[in-house]
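Every chain is numbered from 1 and lettered A, B, ... according to where its sequence line falls, protein lines coming before strand lines.
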Amino acid sequence: LSSSTPARKVPMPVAKRTSDDPMLLSEYANEIFIYMKQMELKTMPNPKYMDLHPILTWDMRATLVDWLATLHFKLSLLPETLFLTMNLMDRFMSLKPSVSAEKFQLVGVTAIFIACKYEEILVPSVQILVHMVGGGYTSNEILMAERFMLATLGFGIGYNGPMAFLKRCLALEGGDVRLTLLARYFS
Amino acid sequence: MNATQRLTSVTLSVSDTPSNFIGTCRPVDDFEKVGRVGEGTYGIVYKAIDKSNQKTVALKRMRMEREADGLPLSALREISLLRRLSHTNIVRVMEVCVGQDLADFGLARQFSVPPCPMTPKVVTLWYRAPEILLGERLYTEASDMWSAGCIFGELLKNAPLLPGKVEPHQFELIIALLGNPTERIWPSFRDLPLANLFRFDTPKMQQQYSTIKQVLSSSNGAAAASPQALELVQDLLVYDPKRRLDTRGALRHSYFRREGPNPCIPSAIRLRFDSRSGGGGGGIFGGGSSAGSGNLRGGGAIANLRKKLEGEQQQGQDFRRKIRRVDRDEDFDLPVGARPFRQFDLDEK
């Protein structure tokens, strides 16, 4: 979505058929959607951030994303966690120039660690992440990177990813199971 | 607040002690504790003076004992949520400083719009809604309205309304106050996951009538509640979350209309507090970037570009090799005997 689009002019799906289910929060549906649009603009990474990193390339990012997706799958995490991981990683990389190739994977693994703490009920321990990076970083390094990333992002972790928007729109379709599963597959 | 900017210059070389938790921000000695304000489940709150500008702040010390896995998720959610909330009635996080931070909020989690199961043990027990006690995981904003009812009742009674010690005791107190739930007033409550853990047939669980009127009219130190006030508490403390008063209904309630003093804007209230913490405007932590660790090199754009072109291919291959080293399927197997996940125990004190 273009950042020049004013948040208020986007047509809003308004919950009408969902009043039976209290979790759909139809009472606050409009406020929530307006807020989601505002937050989306505030949590956008810089699309040209690789220019800030002389050593790194987009190709390396693709490699790292593949690795993170596999890790995410193996740990059976929620889809929201993967989207949040990518967002935290990209926003951190937009703010912190000149990350070295040695530390790039540390950025990725720290992003998934923080994303888990935000989204998941059960959070993987640091030991597991140390194991997953093949001993490339110590638990101490990951914990320090966690602090550093949180400080760099100013604790701004909230991010309404595609899953949040998809759920909002699917709620209007009356919760058809097959449609829901198909849409989630494509997202 | 200038001091908040310092957070962006944290380097990865800080010492790893609990007292230096969030990098190289200000030491807590920069604040002088004036008194203890209260104690929550997750930390102790102090009133303090910021020595650099003499402003009064709330200082919250997070419990950090036995944290092997970095920042506890309750703290992480609290800080990130408070960062985004901006309302005169909600405390504003000014900065996160050495081992401690300034603010208060519970175990808030961003509410995703349609349902998604949430952490089961939330809310201080005294204010926990009956559906959460019975294990409902898709709890809603109606649970917050229950908490609001408990707190409103506490203000009227001048003492906690439902000070349960453990979950079963909490339910006994609720029943003693409101009568026992029935299928008629709360359909399908027996289907909730933990409903059969509570024995509704014991004498303590048998109480046919609500005693809330008596409780709130004979309180020590408090004047008897007016009929409208009583009605508001009753409408908030409804068993069935679907029938409980919602925020808009509460604001329209006759208590706020028919009974003085009338609602007014906060500045019209004469507070007896000595001062309010001065919240600066704008971003609390600031954004910005800093040259911390990493290898920032000079040499100008052309040198950088050349370096990039020359090194790119080699670097890409090296990086791929490094990642691939742990990207074979078996590398993702969990080590034998490892404790893969850690559930943060929310009742830990």
Close side-chain approach of Y118(A) to L81(B), heavy-atom, < 4.5 Å: yes
Between L150(A) and L71(B), is any pair of side-chain heavy atoms under 4.5 Å apart? yes
For D69(B) and V126(A), work out which heavy atoms get closest and say how close. OD1-N, 2.8 Å
Proximity breakdown for F73(A) and chain B, heavy-atom pairs closer than 4.5 Å: neither
Examine distances only and state if a side-chain atom of K117(A) and a backbone atom of L76(B) form a donor-acceptor pair shorter than 3.5 Å. no
Please report the shortest heavy-atom distance between S80(B) and I157(A), naming the atom on each side. CB-CD1, 3.9 Å
Quick check: closest heavy atoms across E120(A) and R77(B), and the distance to 0.1 Å? O-NH2, 3.1 Å
